[in-house]
Amino acid sequence: MSTGSDLLPVEDARARALALASPLPVEWVRLDEALGRALGADVLAQRTLPPWDNSAMDGYAVRSADLTGPLPVRLAVGETIHAGETPKLELRPGICARIMTGAPLPAGADAVVMQERTRPLQLAEGPAVEILEAVSPGNFVRPRGEDARAGEPLLGRGTPLGIPELGLITAQGMLTVPVPRRPRVAILSTGDELCRADEAPEGRIVDTNAPALALAVARAGGLPTLLGIARDTQAEVSSRLADAQGFDVVLTSAGVSVGERDFVKAALQEQGVEMNFWRVAIKPGKPLAVGRRGATLYFGLPGNPTSSLVTFELFVRPVLRRLLGHSPSAVEPARVPGRLEGELRKPPGLAHYIRVAATWRDGELWARPLATQTSGALRSAASATHLLHFPREASSLAHGGYVVLLPVSWAA
Ligand code: AMP
Ligand code: MG
């Protein structure tokens with residue numbers, strides 16, 4: 001058995017896979033098509049938003065200089081301004097305006113006093129108010145241009161488009177955004193033992209990798225195409241790969257190890273795929289072949305169902321995110337600190353990615369390794385929330401020790 005010293009470290013393997021990929025050409029899509037994608041170009045603001053200083057509270061717009069004397073201070077109320085209305089008066093000393101959240105500040109006002117800190121009065125001369133506390137300039141004022149300034153950058157290229165980002169873009173009146181197009185991803189299962197889910201198994205096993213990978217691809221923002229099942233001959237795998245034209249990424253599963261019927265590497269090479277690496281110091285997922293032909297990236301993923309999901313998470317998903325134009329920090333798998341519940345042992349040489357269920361307790365994330373860790377069993381991935389990184393050279397992790405956890409994208 002390999003000691004692991006001739007195997008590529010996980011981080012190097014990911015860096016090499018990422019180096020093969022660059023963002024795909026930009027397309028303009030409607031905003032409801034853009035969630036979770038990244039901007040393919042800088043977007044400049046065309047509008048200054050909010051367009052005027054406005055109130056963050058229901059209360060009174062005041063000149064803060066009027067409130068420097070002993071409290072309470074009595075002020076005349078010159079007008080009432082609701083959201084959607086335009087102020088008519090300029091505040092002179094001793095005068096304030098009743099104002100509602102979102103309404104523009106009248107000229108002369110520099111602060112808002114929330115209504116809970118006031119006492120309205122009805123005087124013979126007209127409406128007035130007692131202000132119970134002094135405020136500094138800017139108090140409860142949402143300044144003009146807080147969200148955007150016309151002509152200035154609004155969001156930069158590579159920014160992931162979450163809901164607030166799409167809101168900022170909506171407020172600019174933009175109906176479409178430039179984003180790298182979605183990667184087209186072909187998925188080929190290989191194995192004499194496999195059948196489709198709608199076939200009677202009769203001594204075979206149902207291909208679960210292809211549908212699982214298709215879901216993972218779609219969740220990562222790609223467009224999956226299932227290419228079916230190839231039998232374990234180099235000729236068949238090779239001809240299926242030859243037919244897979246026009247894809248940005250081709251994923252195969254199984255047949256990539258050193259077994260007698262493992263033809264994927266040879267078939268990839270026969271098809272002119274330049275192999276970049278195929279041995280990674282990782283468990284599960286040591287046999288993993290990565291290469292490129294022209295603009296298409298090829299991943300020969302391992303066949304064990306959990307191995308294919310783990311290697312998807314650690315290598316394929318980051319590459320899909322790079323193709324989708326995410327900035328470098330958003331391409332690497334996310335990591336969070338946690339503590340180990342239980343103990344773990346292994347020989348040094350391979351980094352292990354342990355399926356754990358993590359729960360929040362006493363202000364920390366506690367990670368409990370799932371009972372089954374065999375990569376052949378899908379059950380060892382079911383109910384996993386994170387992968388626990390058991391470093392390559394480590395041989396034991398103690399109960400309560402601090403560990404690095406990677407949230408999995410395949411969780412419910
Ligand atoms: P291999 O890498 O071809 O030796 O396959 C490793 C293990 O994964 C074997 O037990 C296969 O039966 C299983 N396997 C391979 N492909 C699939 C698949 N598409 N769905 C489910 N299990 C698979
Ligand atoms: Mg096989």
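Computed from a predicted model, the values in this text were never measured in an experiment. Note that ligands are numbered from 1 as they come in the structure, with each ligand's atoms numbered from 1 the same way.
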| message | Against D248, only a single residue in R293, R322, R181, R182 fulfils salt bridge (charged side-chain N to carboxylate O under 4.0 Å, His left out); can you say which? | response | R181
| field | Electrostatic pair E27:R37 at N-O distance under 4.0 angstrom | value | yes
| Shortest protein heavy-atom distance from atom 13 (C) of ligand 1, along with the residue and atom involved | G303 O, 3.7 Å
| task | Would you tell me which option among T190, N304, D207 has the nearest heavy-atom contact to atom 7 (C) of ligand 1? | result | N304
| request: From atom 17 (C) of ligand 1, work out which of N209, V256, V206 has a heavy atom at the shortest distance. | output: N209
| query | E341 and side-chain hydrogen bond (donor to acceptor under 3.5 Å, both in side chains): which partner among R361, R368, H399? | reply | R361
| message | Working note: R321 + E332, criterion salt bridge (charged side-chain N to carboxylate O under 4.0 Å, His left out); need CA distance, chi angles, decisive distance, verdict. | response | CA-CA 9 Å; R321 288 172 72 75; E332 288 287 318; over 6 Å; no
| message | Is the terminal nitrogen or CZ of R292 (NZ for Lys, CZ for Arg) located under 6.0 angstrom from the six-membered ring centre of Y298 and within 45° of that ring's axis? | response | no
| task | Would you tell me which option among G300, G255, G376 has the nearest heavy-atom contact to atom 3 (O) of ligand 1? | result | G255
| query | Among all protein non-hydrogen atoms, which one is nearest to atom 20 (N) of ligand 1, and what is the separation to 0.1 Å? | reply | T208 N, 3.1 Å
| The one among I187, D262, L213, L188 that brings a heavy atom closest to atom 4 (O) of ligand 1 | D262
| Numbering as shown, the atoms of ligand 1 that approach S253 to under 4.0 Å (heavy-atom distance) | 19 (N)
| message | Keeping D58 on the side-chain end and T101 on the backbone end, is there a donor-acceptor pair under 3.5 Å? | response | yes
| message | Is the contact between E193 and ligand 1 made by the side chain, the backbone, both, or neither, using heavy atoms and a 4.0 Å cut-off? | response | side chain
| remark: Heavy-atom nearest pair, P284 first then Y353, reads CD-O, 3.7 Å
| What are the atoms of ligand 1, with element, lying closer than 4.0 Å to any heavy atom of I205? | 12 (O), 22 (N)
| task | Check if P302 has a non-hydrogen atom at a distance under 4.0 Å from any atom of ligand 1. | result | no
